[in-house]
K.L.:
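Structure provided below as structure tokens; questions to follow.
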Amino acid sequence: MQAAKLPFSAGLQWVQAAFALFKKQPTALLAITFIINFLSQILIILPLIGLPLFIVSIPISSLIMVTACRSIDHHNKVIPAEWIQPLKKPAVIQRLAIIGFLYASIFVLITFIAFYPTLNALSHEDMQKISRLLSDPESKLTLNDIPSFSISIFQYVLWAALTFLTAITFWNVPQLIGWENMSVKKALFYSLVASWRNKLAFIVYFSVWGILFYVSQYLLTDLLMAIGLPLMLVAFVIQILVMIIAVSMYCGFYSSYIAIFGKPDVRAIQP
């Protein structure tokens with residue numbers, strides 16, 4: 001496989017292509033996202049096995065979603081039977097499970113590295129309070145019980161940079177495993193090389209989505225409130241808009257993939 005090297009403006013084109021794909025089958029894509037999120041919430045609340053299953057499900061859900069996007073792009077209609085075909089290939093689910101745990105472990109590690117100076121400044125008792133507040137829903141602790149601490153701009157920038165590098169490394173991995181039947185190591189290598197060749201496009205891509213989320217959740221909310229719309233109506237409009245942007249961002253996984261690697265052959269997706 002040859003990964004194309006695209007100009008930075010490709011990032012904006014991926015966003016435009018994502019919205020164009022969403023417009024083809026908005027109801028179906030919203031329904032798929034709702035089902036995935038609903039099942040994820042169920043997994044999270046399961047005792048003991050819930051969190052591991054949720055971590056495993058992330059790359060699997062991503063592959064199902066981009067395969068649905070590929071189905072809509074190719075046929076201009078919804079074909080649910082195609083969505084799970086890549087998962088029927090031997091060892092694909094196991095590889096995706098490894099990717100899920102690997103991604104979660106790296107994310108925890110870079111968060112710890114970026115914010116270690118702040119965490120190190122807290123006492124053992126303070127850390128216990130924070131742990132109880134995050135892990136125990138019935139805890140009587142409130143945010144007021146947590147000691148104040150500061151996080152520097154450098155720490156935020158470091159965390160953002162490491163998160164960006166991690167995100168682009170794993171960006172195309174589920175598709176490469178599910179569609180091209182690559183091993184975990186090979187998929188990580190191809191994804192990293194392809195994404196790094198197009199790092200400027202990805203910076204533009206993520207920046208555009210960040211701006212869209214910020215405008216929809218904050219600026220637009222203030223504008224609608226300023227013109228006197230009821231709070232419930234504003235909340236409803238913003239919620240719908242955020243859902244559309246979030247689902248379109250899922251479509252961006254597909255639009256960026258085909259721009260870099262080309263459209264996958266149908267036979268490559270089938271088991």
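What you are looking at is a predicted structure, and each value in this text was computed from that prediction instead of being measured. For the numbers below, each heavy atom of this structure counts, side chains included, while hydrogens, waters and symmetry mates do not.
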K.L.:
Does Tyr250 reach the side chain of Ile32, with side-chain heavy atoms less than 4.5 Å apart?
P.N.:
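No, their side chains stay 4.5 Å or more apart.
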K.L.:
Within the 3.5 Å criterion, strictly below it, is a donor on Thr67 or Trp179 matched to an acceptor on the partner's side chain?
P.N.:
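On atom types as modelled, these side chains qualify, holding a pair under 3.5 Å.
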K.L.:
Does Thr221 use its side chain to pair, donor to acceptor, with the backbone of Gln217 at less than 3.5 Å?
P.N.:
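Yes, the answer is positive, given that a donor and an acceptor are paired below the 3.5 Å cut-off.
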K.L.:
Would you say the side-chain atoms of Ser195 pair up with the backbone N or O of Thr169, donor to acceptor, closer than 3.5 Å?
P.N.:
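No.
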K.L.:
Evaluate side chain to side chain contact (heavy atoms under 4.5 Å, CB included) for Tyr190 paired with Asn172, printing each intermediate quantity in order.
P.N.:
CA-CA 8 Å; Tyr190 269 83; Asn172 298 299; over 6 Å; no
K.L.:
Under a 3.5 Å distance rule, please check whether Arg197 uses its side chain to pair with a backbone N or O of Leu192 as donor and acceptor.
P.N.:
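Looks like no, no N/O pair under 3.5 Å.
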K.L.:
Between Leu87 and Leu96, is any pair of side-chain heavy atoms under 4.5 Å apart?
P.N.:
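Heavy-atom side-chain distance check passes, below 4.5 Å.
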K.L.:
Please enumerate all residues that pass side chain to side chain donor-acceptor pair (under 3.5 Å) together with Trp14, with sequence neighbours excluded.
P.N.:
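Side chain to side chain donor-acceptor pair (under 3.5 Å) list for Trp14, sorted by chain: empty.
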K.L.:
Give me the ring orientation class for Phe38 and Phe34: parallel if the planes are under 30° apart, tilted from 30 to 60°, perpendicular past 60°.
P.N.:
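Parallel.
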K.L.:
Nearest heavy-atom pair of Ala187 and Leu176: which atoms, and what distance?
P.N.:
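So the two residues come closest at O-CD1, 3.5 Å.
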K.L.:
So if you build clusters from Ile, Leu, Val, Met, Phe, Trp, Tyr with side-chain heavy-atom gaps below 4.5 Å, do Leu165 and Leu109 land together?
P.N.:
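Different hydrophobic clusters.
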K.L.:
Trp196: which residues meet the side chain to side chain donor-acceptor pair (under 3.5 Å) condition with it, sequence neighbours left out?
P.N.:
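Checked Trp196 against side chain to side chain donor-acceptor pair (under 3.5 Å); zero matches.
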K.L.:
Can you check whether Pro174 reaches Val66 side chain to side chain, under 4.5 Å on heavy atoms?
P.N.:
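Side chain of Pro174 against side chain of Val66, heavy atoms only: no contact under 4.5 Å found.
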K.L.:
Side-chain contact, heavy-atom cut-off 4.5 Å: Val56 with Ile98?
P.N.:
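They are not in side-chain contact.
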K.L.:
Report yes or no: do Leu229 and Leu223 belong to one cluster of Ile/Leu/Val/Met/Phe/Trp/Tyr joined by side chain heavy-atom distances under 4.5 Å?
P.N.:
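Yes; Leu223 is reachable from Leu229 via cluster members.
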K.L.:
Taking side chain to side chain donor-acceptor pair (under 3.5 Å) as the test, write out the residues that go with Ser71, two or more places apart.
P.N.:
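In terms of side chain to side chain donor-acceptor pair (under 3.5 Å), with neighbours along the sequence ignored, Ser71 is linked to Glu82.
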K.L.:
With Tyr254, which residues qualify under ring pair (Phe, Tyr, Trp, His ring centres under 6.0 Å), at least two apart?
P.N.:
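Residues passing ring pair (Phe, Tyr, Trp, His ring centres under 6.0 Å) with Tyr254: none at all.
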K.L.:
Would you kindly confirm whether Val234 and Ile227 end up in one hydrophobic cluster when ILVMFWY residues are joined by side chain heavy atoms under 4.5 Å apart?
P.N.:
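Yes, Val234 connects to Ile227 through the hydrophobic network.
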K.L.:
Between Ser40 and Ile36, is there a donor-acceptor pair closer than 3.5 Å when you use the side chain of the first and the backbone of the second?
P.N.:
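Confirmed, Ser40 side chain pairs with Ile36 backbone.
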K.L.:
Applying side chain to side chain contact (heavy atoms under 4.5 Å, CB included) to Ile55 and Tyr103, what does each step give before you reach the verdict?
P.N.:
CA-CA 9 Å; Ile55 293 173; Tyr103 181 81; over 6 Å; no
K.L.:
More than 12 heavy atoms of other residues, nucleotides or ligands under 6.0 Å from CG of Leu233: yes or no?
P.N.:
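Count over threshold, so yes.
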K.L.:
What distance do Ile60 atom CD1 and Ile93 atom CD1 have between them, rounded to the nearest 0.5 Å?
P.N.:
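Answer rounded to 0.5 Å: 5.5 Å.
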K.L.:
How long is the span from the CZ atom in Phe261 to the OG atom in Ser256, to the nearest 0.5 Å?
P.N.:
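Going from the CZ atom of Phe261 to the OG atom of Ser256 covers 9.5 Å.
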K.L.:
Could you state whether Phe8 and Phe164 fall into the same hydrophobic cluster, counting links through intermediate Ile, Leu, Val, Met, Phe, Trp or Tyr residues with side-chain heavy atoms under 4.5 angstrom apart?
P.N.:
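Shared cluster, yes.
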K.L.:
For Lys5, give me all partners under salt bridge (charged side-chain N to carboxylate O under 4.0 Å, His left out), at least two apart in sequence or on another chain.
P.N.:
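By the salt bridge (charged side-chain N to carboxylate O under 4.0 Å, His left out) rule, Lys5 matches no residue at all.
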K.L.:
Report yes if some heavy atom in the side chain of Leu158 is under 4.5 Å from a heavy atom in the side chain of Phe115; otherwise report no.
P.N.:
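A side-chain contact under 4.5 Å is absent here.
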K.L.:
Please round to the nearest 0.5 Å and tell me the distance separating atom NZ of Lys186 and atom OG of Ser191.
P.N.:
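That separation rounds to 14.0 Å.
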K.L.:
Is there side-chain contact between Val15 and Trp209, with at least one heavy-atom pair below 4.5 Å?
P.N.:
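Counting from C-beta outward, Val15 and Trp209 do come under 4.5 Å.
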K.L.:
Just verifying a value: how many Å separate Phe107 CZ and Leu162 CG, rounded to the nearest 0.5 Å?
P.N.:
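Rounded to the nearest 0.5 Å, the CZ-CG separation comes to 11.0 Å.
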K.L.:
Looking only at non-hydrogen atoms, find the nearest pair between Ile177 and Ser183 and report the distance.
P.N.:
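Smallest interatomic distance, heavy atoms only, reads CG1-O, 4.4 Å.
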K.L.:
Taking everything shown except Phe101 itself, do over 12 heavy atoms lie less than 6.0 Å from its CZ?
P.N.:
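Counting other residues, nucleotides and ligands, CZ of Phe101 exceeds 12 neighbours.
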K.L.:
Tell me whether the centres of the aromatic rings in Trp171 and Tyr205 are closer together than 6.0 Å.
P.N.:
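Yes, ring centres under 6.0 Å apart.
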K.L.:
Without swapping roles, check the side chain of Gln25 against the backbone of Ile72 for a donor-acceptor pair under 3.5 Å.
P.N.:
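Between the backbone of Ile72 and the side chain of Gln25 there is no qualifying donor-acceptor contact (under 3.5 Å).
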K.L.:
Quick one: pull up CG in Leu219 and OH in Tyr214 and give me the separation to the nearest 0.5 Å.
P.N.:
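Answer for the CG-OH pair, Leu219 versus Tyr214, is 5.0 Å.
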K.L.:
Any heavy-atom pair between the side chains of Met182 and Val173 that's under 4.5 Å?
P.N.:
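No - every pair of side-chain heavy atoms lies 4.5 Å or more apart.
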K.L.:
Work out which heavy atom in Cys251 is nearest to a heavy atom in Leu21; give both atom names and the distance.
P.N.:
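Heavy atoms only, the tightest pair is CB-CD2, 4.0 Å.
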K.L.:
If I compare all heavy atoms of Pro59 with all of Ile99, which pair ends up nearest, and what's the gap?
P.N.:
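Smallest interatomic distance, heavy atoms only, reads CB-CG2, 4.3 Å.
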K.L.:
Tell me, with the steps shown, if Phe170 and Leu188 meet side chain to side chain contact (heavy atoms under 4.5 Å, CB included).
P.N.:
CA-CA 6 Å; Phe170 286 83; Leu188 283 169; 3.8 Å; yes
K.L.:
Any idea which heavy atoms bring Cys69 and Leu29 closest together, and the distance?
P.N.:
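Answer, listing the atom of Cys69 first, then Leu29: SG-CD2, 4.2 Å.
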K.L.:
Which residue pairs pass the salt bridge (Lys or Arg N to Asp or Glu O under 4.0 Å) test with at least one member in residues 22-35, sequence neighbours excluded?
P.N.:
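Of all non-adjacent pairs touching residues 22-35, those that pass salt bridge (Lys or Arg N to Asp or Glu O under 4.0 Å) are Lys24-Asp73.
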K.L.:
Output yes when a side-chain donor or acceptor of Asn198 lies under 3.5 Å from a complementary backbone atom of Pro7, and no otherwise.
P.N.:
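A pair under 3.5 Å: no.
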K.L.:
Where is the tightest heavy-atom contact between Ala194 and Ala3, given as atom of each residue plus distance?
P.N.:
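Distance-wise, the nearest heavy atoms are CB-CB, 3.5 Å.
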K.L.:
For Phe19 and Leu212: C-alpha separation, side-chain torsions, deciding distance, then whether side chain to side chain contact (heavy atoms under 4.5 Å, CB included) applies.
P.N.:
CA-CA 12 Å; Phe19 278 112; Leu212 289 174; 3.9 Å; yes
K.L.:
Is Phe154 linked to Trp159 within one hydrophobic cluster, defined over Ile, Leu, Val, Met, Phe, Trp and Tyr using a side-chain heavy-atom separation of less than 4.5 Å?
P.N.:
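Both belong to a single hydrophobic cluster.
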K.L.:
Return yes if some donor-acceptor pair links the side-chain N/O of Ser57 with the main-chain N/O of Phe54 below 3.5 Å, else return no.
P.N.:
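Yes, because the side chain of Ser57 sits within donor-acceptor range (under 3.5 Å) of the backbone of Phe54.
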K.L.:
For the CD1 atom of Ile240 and the CD1 atom of Ile245, what is their distance to the nearest 0.5 Å?
P.N.:
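With rounding to 0.5 Å, CD1 (Ile240) is 12.0 Å from CD1 (Ile245).
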